[in-house]
Every structure is written in structure tokens, then in C-alpha cells.
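Reviewing the structure listed below.
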Amino acid sequence: MNEPTLSTRYDPTEVEERWYQKWQSAGLFQPEHRPSERRYCITIPPPNVTGSLHMGHALCYTIQDILGRWKRMQGFETLVLPGTDHAGIATQKVVESQLREEGLTRHDLGREKFVERVWQWKEESGGMILKQFKRLGFAFDWSRERFTMDPHYHDAVLRVFIDWYERGLIYRGKRVINWDPGLRTSVSDIEVSDEVRTGKLYHIRYPFVDGEGYIVVATTRPETMLADVAVAVHPSDKRYRGMAGRRVHLPLTGRTIPVIEDEYPDPEFGSGAVKITPAHDANDFEVGVRMGLDFNDPEQVPVCIDEEARVVAPGTPYHGLDRFEARKHIVTDLEAKGLLERIEEHEIAFKIADRSGEVVEPLLSEQWFCSMSSLAAPAIQAVKDGRIRFTPSRYADVYLEWMENIRDWCLSRQLWWGHRIPIYYTEDGTAFAAMSEKEARENAGGAAVTQDPDVLDTWFSSALWPFATLGWPHYTEDLQRFYPTDVLVTARDIIYLWVARMIMGGLDQMKEIPFRDVYVYATVLTEDGKRMSKSLGTGVDPLEYINRFGADAMRFSLLVQTGMNQEIRFGERPIQEARNFCNKIWNAARFALMHIGHRQVEAPPRSALAIEDCWILDRLNETIEMVSSALERYHMMDATKRLYDFFWSEFCDWYIEASKRRLDGAMADVPRWVLATCLDRFCRLMHPFMPHITEEVWHRLPGVGSDQFLDYSDWPSPVEDWVDAEARKTFATLQEVVRAARNLRQEFGINPKEMLPTLFTQGLVAGSEDLVASLARFERIAAGVPSTPHISAVALGVDLHLPVEGLIDVQAEAKRLSAQLEKRRRELHQLSERLANPMFLERAKPEVVAADRAAAEQLRSEVRRLEERLEQLQ
RNA sequence: GGGCGAAUAGCUCAGCGGUAGAGCGCCUCCCUUACAAGGAGGAUGUCGGGGGUUCGAUUCCCUCUUCGCCCACCA
């Protein structure tokens, strides 16, 4: 019938691209755009240069974009500095797998060529994620983009290393570390995860040398027995009293080893006797230290597993076998010799390397370590005394707990991609720390030097991010202006890995905290609560959603789920909802703009405002307050929900509908001004969250120049004049009255579009008749009770009577009224009971009692009217 | 073994001392010239179980159950 209308749907793609280009070419993202003494800075967590956008990123960086835009609107000179992390292991893996396809390994290329190749990869394909960031609309200062291996950044890393080395914090030592046999590198304690799987616990007999019998030890890794040096028992364990000092045969080898006493074994567990393998277990290492072993002597501390996780046992059939393969043979052989007492099922916490998924092999290895306790002390203090605040605050405890029990950090990685450790050795092994080989040679008196082959843990350079990105070690203008930064927004899984280390690094080198706030946001899970992961096939691509629904919708849907909760379950529904919201904004704006036209309207005097004008301004004012305060507290959910409710429920459903009756009349300028004002303030408040659509709408308002931008418009402040508790109360009643009227119509099966002649009311506030008539679709409101047949309702003290033609179905009407009556009687009963309780009257707050009394009074009156009405029906 | 978090409408989640809220879904009506990705009206909950504190508990305390996460050297 009707002509198909032109699309009333909002098309985000075109709008979003257009505005992003404009913002960039106008230089809005650079702090220089508007200098100020008040400054705000975020150095964003650098994503891995190999990374591509996932939901966690989308959320994390959207939050930062919001904070940056919000602060800009508040007049701060704002820098949000982007960059990427060289991500040692991840990046090396990418290039190695490329080489593998060419049938090469990195060793075929050699170190120098390989590193060159990685750089080449980085220049060509790295940092894709930053391009994806632009699609989300992030207002980051791309002119200051940093990379953790930029030349000056590299200098910063070396400076810190050398400083700590010279202060004796960094040392080289032989320890049992976590070895990742897949990547063939060490990894730190916090880069491995426990995974409990059912495994086997093998009980093995170690026969005594000097007589009958044997001692039983239990192990989950029988292959390590080849490097056992002792069997330990607890001194208090009566079963083994007097056995210390005796020797046992180490099965499958020709060696004998002593039984020793040590505090380490738990008498409750297994047999109470533990085999000690100092080279392949961190605990056993400690026992070995207590035994006074020389870890450089392979006779004293044998090694039986190499860096590729193969067994090293020359002269045995196990030599060269993979660790798991060797295990099978060893078990078989033990069994054949009658030395295997039993095997039992056992829950074992396997240590899995996060990066490769391989089972970590504890290995005795010489590595660089950083002693942490002296670095940790000031970092603990900074959180304890509140100079750094965590949000949610409970994460401060998580941080402190870890920091107070911090262990030394294994810094070295056996990789080629990364910051190579700036230690050089002369032929005799003397070590020199130096910024370059040249400097090292000079320090060594001209002797030839070779550099340590290892690189630093990637997190070492990440720890310097907040100041190294700003120019340190040079005291640049940026560094002076923007350090300390304001907030770190991060996921909780890198509190130890990164947050703690930045705090330590910043306090140590800058003598100042790196940021004031740490905001920890929720983990984004799949709809059914699973971890989002590419390898599990549960990951979803935010870009796909952005293309379908728009960046603004993508952003909003994440934020509206971001409270102080720990996790977000992300499905398609919320983003559809956000897309619908964009559409609603678009259409409401179209309506408003159609009526506002191109003319700017002066603010009308307060006396010219109608009840709905006062009401919506009051709501707007509250929205300004709530959104501002939610942002202060990082409560994204509160802010976005309030904006959603204000716009959709209050502005569209009520104000726009209420405004319609006046928009054609003589007083049209009043609602025009209110519409424009609401739209303007809404665009500003919503802009940080949905930057594109708000900019698009705002620019259509009269008086907004094409060279103006929301980012540099003012963040709205509450307007005292708009606060109107009276209007709030009155309008709430009117809303109830309108609902009751609409309900009456619907109950009686009247078409919603049909205009009815008269609605009779009693107790309606004077002056609101036109409003109620218009919203409930009546031509007029009359006071009193109609003499003709009618149906009735009560709403907050207002009686409504709807005349109906023909006979009333008395029974149906009585039933309807009775239901209303019943509901109110029930409520009244509860209230009366409470008000009859002297303890309540005595102890409850007076305003609560007063409110209850008023409510009871109203209910009593409504009950009376409904009873009367029912009687009349009979 | 310690610690933290969660349990509220069919689903996803807010609220957190004064008689339960939203969105989606559901039922009824409506293409009323901003919007059907929409409008109007409606139904829906022993707020995980059990104790306690309180005039009053979904909200505070204790305890139990079930999930999730983190930390820890139990072979």
C-alpha cells in the first residue's frame, strides 16, 4: 500500500570511515591540538606485534579510548600513546614456521640473517592489530607510535639492565629452571600453568647395598632416576630411623647413592622416602644445595635430560630416547627386575608452557636472574599507601600477596629475537656489561669480546613501557609532561607478568610511580562461558562484527557488560541490541532535527517550560551526573546503561512523544530548544562510548561548525536550574495515568491508533490534561464521572473513567476491578502491619515511616474508590 | 592446601538494608508520517540451601552446596 520508504536504518560503515579520516587529518589525536596545564596520559598496553584483534583487545582498548576522549572533552591535554611489543617467543615462532615451510631452520640462516628476517617480517606484516584499532575508532596518537625494539627503546633496556647488573641485582646462576623443550628456551615461573591430569605414580625399590631389603621411593617421572644423587627421608620419620648414611643401589645404573635426612620429604606422602634429582627438580635442587653438592661437577650432580628433552645416559639403552619414550623402557626394565613395587593412578599437576603448550622440563641450567626483593619493596609500599590504586580494589591484595612472596626472575631466554643481553666476555671468561660491543672492547682493554648469546625476557622491556615510550633515558618534553601516566587498563592475567614489573621499573628508574590507577577489566568469554581461543575454535573476530554492526555498536555492546564483574559472556544478542540502539539514536535524531531545522533557538525562560520539559531536563541533568561519576569510577556499565535508559526510555518514549503536540503550534520553539539541548548533551555524553554516530548527529545540529569536533567540545556539567524534584514526581504520576488509560483501552480491545473522544478523570493535576490526552490518544480530558456506561481504573490517586458504547460486560469489569483491588489490599495489608509495629515506628528512619504512611494513605484511598466502583456495578 | 569471585524472571545480567529491575525471549494489539532493528499493553521470580544480626535481609555475618578463577615445592 504505502510506498516503500527510504532506509530509515543507520548505516555505520560510511559514517565511521569518514569521521575517522577527518579526525586524523585534523590532528585531533595529538596532544598538541590543545595544550593545557592539565594533562592526561595513557601508554596503552602494547599488543604483540604478531597479534590480531580479539574481543579482549576490543574491550581493553575501547575503555582506554573512552577515557582519553572523555579527558580531552574535559579540557585535558591528552596523550594516548600506542605501540607494539616485539614479543620474543611469539614473533620468533611466526618466522620460524615460515622458514619451516621453506624447509629451513633458523640455524640454516644463522643468527644475524635470522634476526634480519624477523625485522623484515615485522616491517611487512607486523602491527596489523594497530590498523584494526583504527577501525574501532581509537583516538590514539599514531605520530608517537612506539615499538619495544626501537633503537632508543633498546638503549633504555640496556641502560636498565646494566644499572641493575652493576648494582648487583642481576646475576648469573645455575638453577633448575623451567625449560620449554618445544621452543628450547627457559621460561619464567609465571609463564607456565598448572594443568591437573591423571598420571601415574611409580613406586620403585632401591635395594640396600649393605644388606637385605630395599627402600621404596615414589616418582611421577621415573626417567629422572638416572640422575638421582640420594634418597631423602624426613628426620622425624620413625620408619627410617637410623637409615641415614646407608647406601642403596640406584637401579638400572651402576651407581650407589646415600640415604639422607632432610626436612623436605613429607612423611604422609607415599612411602615417605623421596629420590633426589637436583638437576631436574627445583625442590631437589634445594636439597642438593643443603647437601653441599658442587653443581658444576657432573659427577656430583648428574644430568640425564638434555635441552631437547632427550635422555642423556651414555652406555645405557635409554641414551638419546625422548623422555617419555625412555620412561616406558625404564618402567618395563624395572618391572623385569622386580624393582617396581606398584603403579598407581595419581592426579598430577603438570606444568605446561603457556607459549608452546609443551610439558615443561625442569632443567639445571645457567641463566641470568634478577633479584627482586629490593625492587619490590617500594612497589609494595606504593600500593599500600594508596599512591597506586587498583580497581576493583580486591586486585590490590592479589598484587600484594604476590609481591610479598616474590621470587627471583629468570631473565634470559635462549632465543635470537629480542634484546640481547649486554654482557660481553673476554676469552678468559671475564664479563663486561656495556651498551655496545665497542664499549665492551674498550672496557676490556682492547681484547676481543663475545656477547652473551641469550636475549632478555620480553617482559623486561615491557616493564619500562610507561617511561621508555616517552623518551627515557632522555628527559624529553613528553617525559616531563606525561610521566607519571594516569591509568593502566589491563587484564588480570598479567598483573604479575607486567603490572607489577612496571611499578617496580618505574619506581626504580624514575623514582616515581608509572601510573596512578590500575583498572582491571573482565575477561571476555564465549556465550557459554568458555575461554575465547583461536586454537579451541571458540574465538570470534571482532572485525566481523564491526563490519556487520558497526564499530560503535561493537564498543557499546562490550561496555554495557563491563561492570566490576570478573567475566563477560559475549554473544551476538548484545551487539544486535547495541546496533538497534544506534538505529534508535539515528531515527530520534532525524525526528528532532526535522523539527529543529537550521535555526538556533534561544533558551526559553523557565516559566515557558511545560511539565515534560522540566522533567526531561531534570532527567538529563541526572544523566550528566551519573555518567560523569561512573566514568570517574571506571563503571562503564553504569555509564552506558544510564545513557541507554535516558535516551530510549525517557527521551524517545516519553519526551519526544510528549513534545509532538506542541511542535506544530505557536510555542514550538520551546520543545525545539529542549530537543536540541537534549540531543546536544546526549551526543557529548555518549561520544566517548560511540564516537562516530554522535559526531555525525552532532554536526547536524544548528550552530555546530564543520571545524568543531566533539572531542574538543566541553564535557557537560550538571545544571542546577534543571534539578526539579517536583516535576519528577508529577511526571511520574502522569506516566502512571497514561499507562492506566492505555491499559483501559487495550483491556477493552480498542485499536491503539484510534482517537477517542473523552477520558474522564478525577484528581488529575491541573494543566496536564492536554499532555495526557495526547499521549493516551484522546481528544479531550474531562473532569468527573461520565453518566454513560464506562470502565474505570485508579493510578496513583487519579481515577480514570473510559466511556464505552453499548453494554458493559459487568462480570468482566468486576473481575478486572477486583484484581486491581486485591493487589492494593495486599499491599495495604503489608504496610499496615508494618506501621502497626511499635518497634518499626521507633527505630526505622523517620523518612521511611513517613513514606510508608503516605503510601498507605494513598492505597486506602484507592481501595475505597475501587470498592465504590464495584458496588456501583452491582 | 590457601585465597578470590559467582549463584536473582526461560536466557544474559543489574541492584545490594526498607514491599524485586533491564535487555532478549514469551502473550495481546498496532506498518499511529522518527524508528517494525519499531510502538503500546501484559504475564513471569520461596533473589542457591540452612542458621544468625536487625523493627525490617535479595542486600550484612556465619555455614553448607554448586560452578569459575588465582596462588602454592607435595615426590
Side-chain angles (χ1 to χ4, degrees), chain A residues 1-2 5 8-10 190 193-194 201-202 217-221 224 232 264-266 268-277 281-286 346 348-349 362 392 394-395 397-398 401-402 405 492-493 495-496 523 525 527 529 549 560-561 563-571 573-574 576-577 579-595 637-638 641 644-645 648-649 652-653 656-657 660 738-740 742-747 749-755 776-777 826-827 830-831 834 837-845 847-849 851-852 855:
Chain A
M1 295 278 222
N2 286 0
T5 46
T8 54
R9 295 185 179 185
Y10 169 66
I190 45 184
S193 320
D194 289 341
L201 186 61
Y202 303 86
V217 298
T219 180
T220 53
R221 296 184 300 149
T224 62
Y264 164 58
D266 174 5
E268 301 293 309
F269 187 88
S271 63
V274 186
K275 62 192 251 348
I276 300 300
T277 324
D281 183 282
N283 292 309
D284 294 7
F285 175 86
E286 298 297 329
H346 189 62
I348 302 171
R394 60 176 179 273
Y395 289 109
D397 295 332
V398 173
E401 167 69 21
W402 188 74
N405 299 295
R492 64 177 177 277
D493 53 349
I495 290 176
Y496 310 136
T523 310
L525 301 177
E527 205 163 9
F549 301 107
V560 82
Q561 300 180 77
M564 291 295 114
N565 49 344
Q566 253 195 126
E567 49 192 50
I568 293 174
R569 295 187 176 200
F570 193 87
R573 276 193 300 271
Q576 279 171 358
E577 201 180 302
R579 184 267 321 262
N580 294 354
F581 185 38
C582 289
N583 208 233
K584 188 75 178 176
I585 293 170
W586 183 245
N587 281 298
R590 277 177 53 226
F591 172 85
L593 292 164
M594 195 170 80
H595 286 94
M637 181 191 274
D638 290 1
K641 282 201 160 160
Y644 185 93
D645 283 345
W648 203 314
S649 310
C652 292
D653 290 350
I656 286 189
E657 292 309 318
K660 283 178 177 172
V738 170
R739 268 189 211 109
R742 287 168 173 168
N743 179 251
L744 275 181
R745 297 173 55 119
Q746 168 121 0
E747 287 285 339
I750 296 164
N751 190 316
K753 74 180 172 187
E754 194 178 331
M755 188 64 85
R777 305 215 117 232
R826 226 177 306 129
E827 284 171 20
Q830 275 180 19
L831 270 183
R834 191 184 313 164
N837 180 352
M839 293 302 267
F840 172 70
L841 298 176
E842 190 184 317
R843 303 207 179 168
K845 277 174 272 176
E847 59 268 31
V848 172
V849 178
D852 278 1

So what does [X] touch, heavy atoms closer than 4.0 Å: a base, only the sugar-phosphate, or nothing?
| X | result |
| --- | --- |
| A:F581 | nothing |
| A:R745 | nothing |
| A:C652 | base |
| A:D653 | sugar-phosphate |
| A:N743 | sugar-phosphate |
| A:A282 | nothing |
| A:F285 | nothing |
| A:P838 | nothing |
| A:R492 | sugar-phosphate |
| A:I656 | base |

Are [X] and [Y] close enough that some pair of their side-chain heavy atoms sits under 4.5 Å apart?
| X | Y | answer |
| --- | --- | --- |
| A:V560 | A:K641 | yes |
| A:R221 | A:D281 | yes |
| A:N283 | A:E286 | no |
| A:Y10 | A:R590 | no |
| A:V274 | A:F269 | no |

Nearest whole Å is fine: how far is [N] [atom2] from [X] [atom1]?
| X | N | atom1 | atom2 | answer |
| --- | --- | --- | --- | --- |
| A:E268 | B:C74 | CD | C1' | 12 Å |
| A:F570 | B:C24 | CZ | P | 16 Å |
| A:L744 | B:G41 | CG | P | 12 Å |
| A:R590 | B:A34 | CZ | C1' | 5 Å |
| A:D266 | B:G1 | CG | C1' | 11 Å |
| A:Q576 | B:G38 | CD | P | 10 Å |
| A:D493 | B:C69 | CG | C1' | 11 Å |
| A:K584 | B:A34 | NZ | C1' | 8 Å |

Give me the distance, rounded to whole Å, that separates [N] from [M] when you measure between the [atom1] atoms they each carry.
| N | M | atom1 | result |
| --- | --- | --- | --- |
| B:U44 | B:G23 | C1' | 15 Å |
| B:A7 | B:G50 | C1' | 16 Å |
| B:C62 | B:A6 | P | 14 Å |
| B:G45 | B:G10 | P | 8 Å |
| B:C13 | B:U8 | C1' | 9 Å |
| B:C31 | B:G39 | P | 16 Å |
| B:U54 | B:C61 | P | 16 Å |
| B:G51 | B:A43 | P | 32 Å |

Problem set entry | 5' priority, RNA chain B, between A:W402 and A:F269 [closest heavy atom] |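 Taking each residue's closest nucleotide, the earlier one in sequence belongs to A:W402.
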Whom does [N] pair with, Watson-Crick or G-U wobble, provided both distances fall under 3.5 Å?
| N | result |
| --- | --- |
| B:U53 | none |
| B:G45 | none |
| B:U59 | none |
| B:C31 | none |
| B:G10 | B:C24 |
| B:G68 | B:C4 |

Problem set entry | Rounded distance [0.5 Å steps], SG in A:C582 versus CZ in A:F549 |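 Here the interatomic distance stands at 11.0 Å.
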Exercise. In Å, rounded to the nearest 0.5 Å, how long is the span from CD1 of A:I568 to CD of A:E527?
Worked result: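 So the CD1 of A:I568 and the CD of A:E527 are separated by 13.5 Å.
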[X], nearest nucleotide to its side chain (from [options]):
| X | options | value |
| --- | --- | --- |
| A:E577 | B:G38, B:C24, B:U32 | B:C24 |
| A:A218 | B:A75, B:G23, B:C70 | B:A75 |
| A:M594 | B:A34, B:U32, B:C74 | B:A34 |

Exercise. Is the shortest side-chain N/O distance from A:W648 to OP1 or OP2 of B:G39 below 4.0 Å?
Worked result: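 Yes, A:W648 has a side-chain N/O under 4.0 Å of OP1/OP2 on B:G39.
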Exercise. Closer than 4.0 Å, any side-chain N/O of A:H346 to the OP1 or OP2 of B:C74?
Worked result: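 Answer no for this pair, as no side-chain N or O of A:H346 is under 4.0 Å from OP1 or OP2.
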Exercise. Can you say whether the rings of A:W402 and A:Y496 are parallel (under 30°), tilted (30 to 60°) or perpendicular (over 60°)?
Worked result: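 Taking A:Y496 first and then A:W402, their aromatic rings lie parallel (interplane angle under 30°).
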Exercise. Should the ring pair A:F581 and A:Y644 be called parallel, tilted or perpendicular, given that the plane angle runs from 0 to 90° and is split at 30 and 60?
Worked result: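 Ring orientation of A:F581 relative to A:Y644: tilted.
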For this session: Would you confirm whether A:N743, through its side chain, and A:R739, through its main-chain N or O, come within 3.5 Å as a donor-acceptor pair?
Result: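 Answer holds: no.
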For this session: Look at the side chain of A:R745 and the backbone N and O of A:R777, then say whether any donor-acceptor pair between them is shorter than 3.5 Å.
Result: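 Answer holds: yes.
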Problem set entry | Which atom of A:D284 lies closest to which atom of A:K275, heavy atoms considered |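 Reported closest heavy-atom pair: OD2-O, 3.3 Å.
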Exercise. Do other residues, nucleotides or ligands put more than 12 heavy atoms under 6.0 Å from A:E847 CD?
Worked result: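 Above 12, so yes.
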Could you list, one pair per line, each protein nitrogen or oxygen that sits under 3.5 Å from a nitrogen or oxygen of nucleotides 25-30 of chain B, together with the distance?
unit_1 : atom_1 : unit_2 : atom_2 : d
B:U28  : O2     : A:Q746 : NE2    : 2.6

Exercise. Along nucleotides 2-14 of chain B, 5' to 3', which nucleotides get a B, which get an S, and which get a -, given that the test is a protein heavy-atom distance under 4.0 Å?
Worked result: --SS-----SSSS
Polar-atom pairs under 3.5 Å, protein N or O versus N or O of nucleotides 16-20 of chain B: list them with distances, or write none.
unit_1 : atom_1 : unit_2 : atom_2 : d
B:G18  : O2'    : A:R834 : NH1    : 3.4
B:G18  : O6     : A:K845 : N      : 3.4
B:U19  : O2     : A:Q830 : OE1    : 2.8

